[in-house]
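Since the structure comes first, as structure tokens, the remarks are kept for the end.
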Number of protein chains: 2
Amino acid sequence: MSTAILEQLQQHLPHLSRSERKVAEIILEDPQHCIRASIATLAKQAEVSEPTVNRFCRSLGCSGFPDFKLQLAQSLVKGTPFVSRDVEMGDNCSQYCQKIFQASINSLTDAMQSLDHQAISNCVEHLHRARSISFFGLGASGPVAMDALHKFFRLNIPVQAWTDVMNQRMAAAAAQPNDVHLFISNTGRTTALVEAAEISKNSGATVITITHADTPLAQQAHHLIDVSCSEDTEIYTPMVSRLVHLTILDTLATGVLLAKGPSFQSHLKRLKSSLAGTRLEASEVLAKKH
Amino acid sequence: MSTAILEQLQQHLPHLSRSERKVAEIILEDPQHCIRASIATLAKQAEVSEPTVNRFCRSLGCSGFPDFKLQLAQSLVKGTPFVSRDVEMGDNCSQYCQKIFQASINSLTDAMQSLDHQAISNCVEHLHRARSISFFGLGASGPVAMDALHKFFRLNIPVQAWTDVMNQRMAAAAAQPNDVHLFISNTGRTTALVEAAEISKNSGATVITITHADTPLAQQAHHLIDVSCSEDTEIYTPMVSRLVHLTILDTLATGVLLAKGPSFQSHLKRLKSSLAGTRLEASEVLAKKH
DNA sequence: CTTTTTTTTGTAATTTTATTACAGCTAAAC
DNA sequence: GTTTAGCTGTAATAAAATTACAAAAAAAAG
């Protein structure tokens, strides 16, 4: 999360080991300085060794010290226009409207900045070359899978979407080489979905997951698209993660579309025109009135 | 100023020497990538030597390459580095990722600012008092209706979602007083959906629509939530409007939740705990490995 | 058109920075 | 008191950035 590295740090402070806490304290003391300091300088100030600082960064989910500095630097930029807080009992309509939209916007912004373009690119390549594509999602991710079905269907690839446990297991077992199975989950811990992914992998499918890194589902993946947005799922059902998943799928679909090249656009035009008869034009609406 | 490193770069482009211009062009092409790249990578991409990149950074007033990356990273945080344009053939992965996310963010921002809070508030009131709620969507709005089902189900109200034409007509005809029928459509012109809405109205249901104003569907509504986001549906299937619809439904669900008052939260806790057995905890994952 | 001067660029060496591998230490569990 | 797991630091290695210097290109002068 770009918005809250420091807060996150503050919270985790008590759970850190002695040396790592020293590092955290130095960073909290003067974050502006840290983003320009080398790992050696920081280690000296915190009176720990350099690898300790490095491990500290890793434990925060960064790839290393430079990555940590980068994220810290970005989080220190002032000027998040609205402070978005959780919805509270007693909020009026305008308040909760704004809070929910702002939370969605923030999560997309964060996702955009942390998105691994290489991973997207790899997945696009596999989807493009796939014999067929299947989407898997349960609960709130079920509709996301259905949406992906709808979108990829237009790309003239055999696509399917499975949103219940039994069908998922069967579809997973039926995979053939060059099939791509894409699993969508907010938690990454839904047992049934993890098992289905395992079956898919054993059946020879290329397994892509859109979920949190460091989860059982992520471990099953040949290709992981990491979505690490934090949200309160205690009371509210996942809201923002779903939007991020959908947008990532938009991105993948677009990537495949671009990979297919310009000649493909005529196919889309044909699809489009097939829908023409289902729409009411302004003239028809008027005619109906009389 | 720090806000405009990229613009500054764009302006200085003609005044730079041949090699330095190559560097600048690579950076402008994909700034997100540059902030994570090493000087060697960048030099290779620009087909110049490493010291050239370094000198380039110095000429921009930075103390060196790392300093430049830092400033670039910070300038990329706020706002849009480029005005978001449509995806084009030939865009690389980073480019279309950014364009798609930015388009989504922009549409949510627009929707947040133009949202009619009074309309939301009225709809929340009706949904709160409803005997039952049905969601109707076709095509890309089908998954949106399913998502709404999933979300409102947690509110302990009888809910249904209909995503095919025949079932929609039957459900519309079966409406009873105090039922709320909510129709979701991007175009607002899908004949089948407009007809279903008409049937619902004649059956005595309260009809809410989430769609464009000034469309046939909007005319059927007792209560209209106007979503007037413009997007190119010629080639791409609706992307951003769908996100706005979902977020509006989040808002409505939240409104109903708040209207139900604090006593309701125990119900949600019960739902939550019913899912506990379906999740893998970290400890279980480890256990499975042995 | 040549020569000189200035600017630009690249090569190679050096320094700085970050990461890895491994060993020692510490604290908790047995 | 021994064993174990988890921290932590040292030293080696790898990667990255910078510097010094020389070659090449462009511009200016003759």
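These numbers come from the heavy atoms of this one structure, side chains and all, not from hydrogens, waters or symmetry mates. A note on names: the letters A, B, ... follow the listed sequences, proteins ahead of strands, and every chain is numbered from 1.
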Partners passing side-chain hydrogen bond (donor to acceptor under 3.5 Å, both in side chains) against E25(B) (at least two apart in sequence or in another chain): none
Side chain of V48(B) (C-beta onward), nearest among dG10(C), dG9(D), dA17(D): dG10(C)
Close N or O pairs between protein and nucleotides 26-28 of chain C (under 3.5 Å):
none

Any S19(B) side-chain N or O less than 4.0 Å from OP1/OP2 of dT9(C): yes
Residues in side-chain hydrogen bond (donor to acceptor under 3.5 Å, both in side chains) contact with S49(B), at least two apart in sequence or another chain: T52(B)
Contacts of T206(A) that satisfy side-chain hydrogen bond (donor to acceptor under 3.5 Å, both in side chains) - sequence neighbours left out: none
Protein and nucleotides 19-22 of chain C: nitrogen or oxygen contacts under 3.5 angstrom:
residue : atom : partner : partner atom : Å
dT19(C) : OP2  : N54(A)  : ND2          : 2.1
dT19(C) : OP2  : F65(A)  : N            : 3.2
dT19(C) : O5'  : N54(A)  : ND2          : 3.3
dT20(C) : OP2  : R58(A)  : NH1          : 3.1
dT20(C) : OP2  : R58(A)  : NH2          : 2.9

Selection residues 45-61 of chain A - residue pairs positive for salt bridge (charged side-chain N to carboxylate O under 4.0 Å, His left out), sequence neighbours left out: none
Residue pairs, two or more places apart or on separate chains, that pass ring pair (Phe, Tyr, Trp, His ring centres under 6.0 Å) and touch residues 168-205 of chain A: F136(A)-H181(A), F136(A)-F183(A)
Salt bridge D147(A)-R242(A), side-chain N to carboxylate O under 4.0 Å: no
With D110(B) via salt bridge (Lys or Arg N to Asp or Glu O under 4.0 Å) - residues at least two apart: none
OP1 or OP2 of dT8(C) under 4.0 Å from side-chain N/O of T52(B): no
Summary of salt bridge (charged side-chain N to carboxylate O under 4.0 Å, His left out) pairs that have at least one residue in residues 218-227 of chain A, sequence neighbours excluded: none
Please write out the pairs of protein N or O atoms and N or O atoms of nucleotides 24-26 of chain D separated by less than 3.5 Å, giving the distance to one decimal.
none

F65(A)/F56(A) aromatic ring centres below 6.0 Å: no
Distance test, side-chain N/O of S17(A) to OP1/OP2 of dC7(D), below 4.0 Å: no
Closest-nucleotide 5' rank along DNA chain D - winner of E47(A) and D67(B): E47(A)
Touch class at under 4.0 angstrom, heavy-atom based, for K69(B) against every strand present: sugar-phosphate
Residues which pass side-chain hydrogen bond (donor to acceptor under 3.5 Å, both in side chains) with T163(A), listed by chain and number, not counting sequence neighbours: none
Listed once per pair and sorted, the salt bridge (charged side-chain N to carboxylate O under 4.0 Å, His left out) pairs that draw on residues 200-225 of chain A, sequence neighbours left out: none
